[in-house]
Asker: 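What follows is a single structure, and I will ask about it in a moment.
Side-chain atoms are counted along with the backbone in the values below, which use heavy atoms only and exclude waters and symmetry mates. Not measured: the values here are computed from a predicted model. Per chain, numbering begins at 1; letters A, B, ... match sequence-line order.
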2 protein chains.
Amino acid sequence: MKYSKQRQKILEIINNSYNHPTAYMVYEEVKKDIPDISLGTVYRNLNSLVENNMIKKISLETDRYDKNTDHCHLYCIKCNKIIDIGLLNIDTMIMDNYNFKVLNSDVVLKGICSECRERKD
Amino acid sequence: MKYSKQRQKILEIINNSYNHPTAYMVYEEVKKDIPDISLGTVYRNLNSLVENNMIKKISLETDRYDKNTDHCHLYCIKCNKIIDIGLLNIDTMIMDNYNFKVLNSDVVLKGICSECRERKD
DNA sequence: ATAGAAGTAGTAATGATTACTACTTTGAGG
DNA sequence: CCTCAAAGTAGTAATCATTACTACTTCTAT
């Protein structure tokens, strides 16, 4: 991977983010510094950062990205909140039971969070 | 939900399937019986069957469908095999630790299966 | 029987992502 | 320092799964 200010900036944005941004959200953020960056460039760089294990892709309706590569997520289908959780040794359980190496690249558990369940609507 | 032969046939196909078909695969199969069925009809009915918890959607690159609604899947990113596994009490673990109701509508753990790991290519 | 709610076929639209093309930048070896 | 091929980029077109829309048809409760 060669240096490029575009990829540098994209990585920096992910590393400073706490909102699990989509590719488009990253695109809009980079444009503040590099106004004529291309959306394709953002997608290409996000992909290569994921391949190099520097960031993590979260597969929801629209893919989202996370600087932390060592945990998975709870996604509330009511309020769209994304909750970070530890791996809970899911991978170890699967390996022991199924001899299958889980990469956990995008484990997302969808459901309803405690606040939304209390609200009951 | 009103009766329709299209939905009836679609459900029958899922119930007789063992290959986790995509919407398009279902479409091609229904066409053998109902040649002028519309792809949109297949999508619409698959969605309502999922909503009524009669089948399950598996979210991969392209969505796939399963007659069993009570387990999750291992997906080998090398050979594209889909392995059915029990729920392993993941939902209970998450509820105990995070007070989050997992619906498990599409838990898919991606990784590399034992055969592919032995092959080492 | 019949009305109106639900379903359908067929096509157009959407929206995320990737492919393509011609141009630019980077960096390793002379 | 040059230099030049490999890697990267902008901008646009294309792809592909899925949904929306429209006018027509079929159920089913009364």
Side-chain angles (χ1 to χ4, degrees), chain A residues 1-14 17 19-52 54-66 75 77 80 82 105-106 108 110, chain B residues 1-14 17 19-52 54-66 75 77 80 82 105-106 108 110:
Chain A
M1 264 214 297
K2 226 176 249 187
Y3 171 88
S4 88
K5 70 170 192 284
Q6 288 86 345
R7 178 160 49 232
Q8 190 61 33
K9 187 67 193 173
I10 287 166
L11 180 58
E12 185 189 319
I13 286 167
I14 301 291
S17 74
N19 57 347
H20 306 92
T22 63
Y24 197 83
M25 286 160 76
V26 173
Y27 171 63
E28 298 218 295
E29 191 65 25
V30 193
K31 275 208 293 193
K32 292 177 184 169
D33 265 47
I34 310 171
D36 57 356
I37 194 171
S38 164
L39 182 55
T41 298
V42 173
Y43 273 104
R44 191 167 14 77
N45 279 307
L46 286 170
N47 280 344
S48 50
L49 289 169
V50 169
E51 276 162 25
N52 285 63
M54 302 176 73
I55 64 174
K56 178 173 176 171
K57 186 196 277 198
I58 309 173
S59 294
L60 291 171
E61 339 75 53
T62 307
D63 289 338
R64 287 167 169 269
Y65 296 88
D66 191 334
Y75 175 67
I77 59 175
N80 302 310
I82 300 174
S105 56
D106 66 342
V108 181
K110 293 184 191 172
Chain B
M1 265 213 296
K2 224 178 252 188
Y3 170 88
S4 86
K5 70 169 193 284
Q6 288 86 344
R7 178 160 49 232
Q8 190 63 31
K9 187 68 194 172
I10 287 166
L11 180 57
E12 185 189 320
I13 286 167
I14 301 290
S17 72
N19 58 346
H20 306 91
T22 62
Y24 197 83
M25 286 159 75
V26 172
Y27 170 63
E28 298 219 296
E29 192 65 24
V30 193
K31 273 208 293 192
K32 293 177 185 171
D33 265 47
I34 309 170
D36 57 356
I37 195 171
S38 164
L39 181 56
T41 299
V42 174
Y43 272 104
R44 191 166 14 77
N45 278 306
L46 286 171
N47 280 344
S48 50
L49 289 170
V50 169
E51 277 163 24
N52 285 63
M54 303 176 73
I55 63 173
K56 179 174 176 171
K57 186 196 277 200
I58 310 173
S59 293
L60 292 171
E61 340 74 50
T62 307
D63 289 339
R64 287 168 169 269
Y65 295 89
D66 191 333
Y75 174 67
I77 59 174
N80 302 310
I82 300 173
S105 56
D106 66 340
V108 180
K110 293 185 192 172

Asker: Return the nearest nucleotide to the side chain of Ala23(A); candidates are dT17(C), dA5(C), dA10(D).
Answerer: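 Shortest atom-to-atom distance from the side chain points to dT17(C).
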Asker: Of Leu39(B) and Gln6(B), whose closest DNA chain C nucleotide lies nearer the 5' terminus?
Answerer: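 With Gln6(B) and Leu39(B) compared, the 5'-side residue is Gln6(B).
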Asker: When the distance from OH of Tyr3(A) to C1' of dA28(C) is rounded to whole Å, what number comes out?
Answerer: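 The distance from OH of Tyr3(A) to C1' of dA28(C) comes to 18 Å, rounded to the nearest Å.
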Asker: Quick one: label Arg44(A) by what it contacts on the DNA or RNA (base, sugar-phosphate, nothing), any heavy atom closer than 4.0 Å.
Answerer: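 The answer is base, as Arg44(A) lies within the cut-off (heavy atoms under 4.0 Å) of a base atom.
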Asker: Name the closest nucleotide to the Ser38(B) side chain, picking from dT9(D), dG10(C), dG7(C).
Answerer: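 My answer, after comparing the listed nucleotides, is dG10(C).
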Asker: Which residue, Lys2(B) or Asn45(B), contacts DNA chain C at a nucleotide closer to its 5' end, judged by nearest heavy atom?
Answerer: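 So the residue in question is Lys2(B).
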Asker: Between P on dT15(D) and OH on Tyr24(B), what's the gap in Å once rounded to a whole number?
Answerer: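 Between P of dT15(D) and OH of Tyr24(B): 15 Å.
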Asker: Just verifying a value: how many Å separate Leu46(B) CG and Lys57(B) NZ, rounded to the nearest 0.5 Å?
Answerer: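 The NZ atom of Lys57(B) is 8.5 Å from CG of Leu46(B), to the nearest 0.5 Å.
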Asker: CZ of Arg64(B) versus P of dT18(D): gap in Å, rounded?
Answerer: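 After rounding, the gap between these two atoms is 11 Å.
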Asker: Rounded to whole angstrom units, what separation is found between the NZ atom of Lys9(B) and the P atom of dA9(C)?
Answerer: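 Rounded to whole Å, this separation is 15 Å.
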Asker: Specify the separation, in whole Å, of atom CD of Gln8(A) and atom P of dT26(C).
Answerer: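 Rounded to the whole Å, the gap is 12 Å.
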Asker: Both Met1(B) and Asp36(A) contact DNA chain D. Which one's nearest nucleotide lies toward the 5' end?
Answerer: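 Per heavy-atom nearest nucleotide, the more 5' residue is Asp36(A).
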Asker: Please answer whether the main-chain N or O of Met25(B) pairs with a side-chain N or O of Thr22(B) as donor and acceptor at a distance below 3.5 Å.
Answerer: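 Yes.
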Asker: Tell me the interatomic distance from Tyr27(B), atom OH, to dT18(D), atom P, rounded to whole angstroms.
Answerer: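 Value for this atom pair: 14 Å.
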Asker: Can you find a side chain N or O atom of Ser4(B) that sits less than 4.0 Å from OP1 or OP2 on dT8(C)?
Answerer: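 Answer yes for this pair, as a side-chain N or O of Ser4(B) is under 4.0 Å from OP1 or OP2.
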Asker: How long is the straight-line distance from CD of Gln8(B) back to CD1 of Ile13(B), given to the nearest 0.5 Å?
Answerer: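 The CD atom of Gln8(B) is 11.0 Å from CD1 of Ile13(B), to the nearest 0.5 Å.
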Asker: Which whole-number value in Å describes the distance from Tyr43(A) OH to dA13(D) P?
Answerer: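 Going from OH in Tyr43(A) over to P in dA13(D) covers 18 Å.
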Asker: If you round to the nearest 0.5 Å, how far is NZ of Lys5(A) from CD1 of Ile37(A)?
Answerer: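 It is 8.5 Å, given to the nearest 0.5 Å.
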Asker: Looking at Arg7(A) and Lys2(A), would you say the former's side chain and the latter's main chain have a donor-acceptor pair under 3.5 Å?
Answerer: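 Yes, the answer is positive, given that a donor and an acceptor are paired below the 3.5 Å cut-off.
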Asker: Return the value, rounded to whole Å, for the distance between atom CD1 of Ile10(A) and atom C1' of dA10(D).
Answerer: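 From Ile10(A) CD1 to dA10(D) C1': 13 Å.
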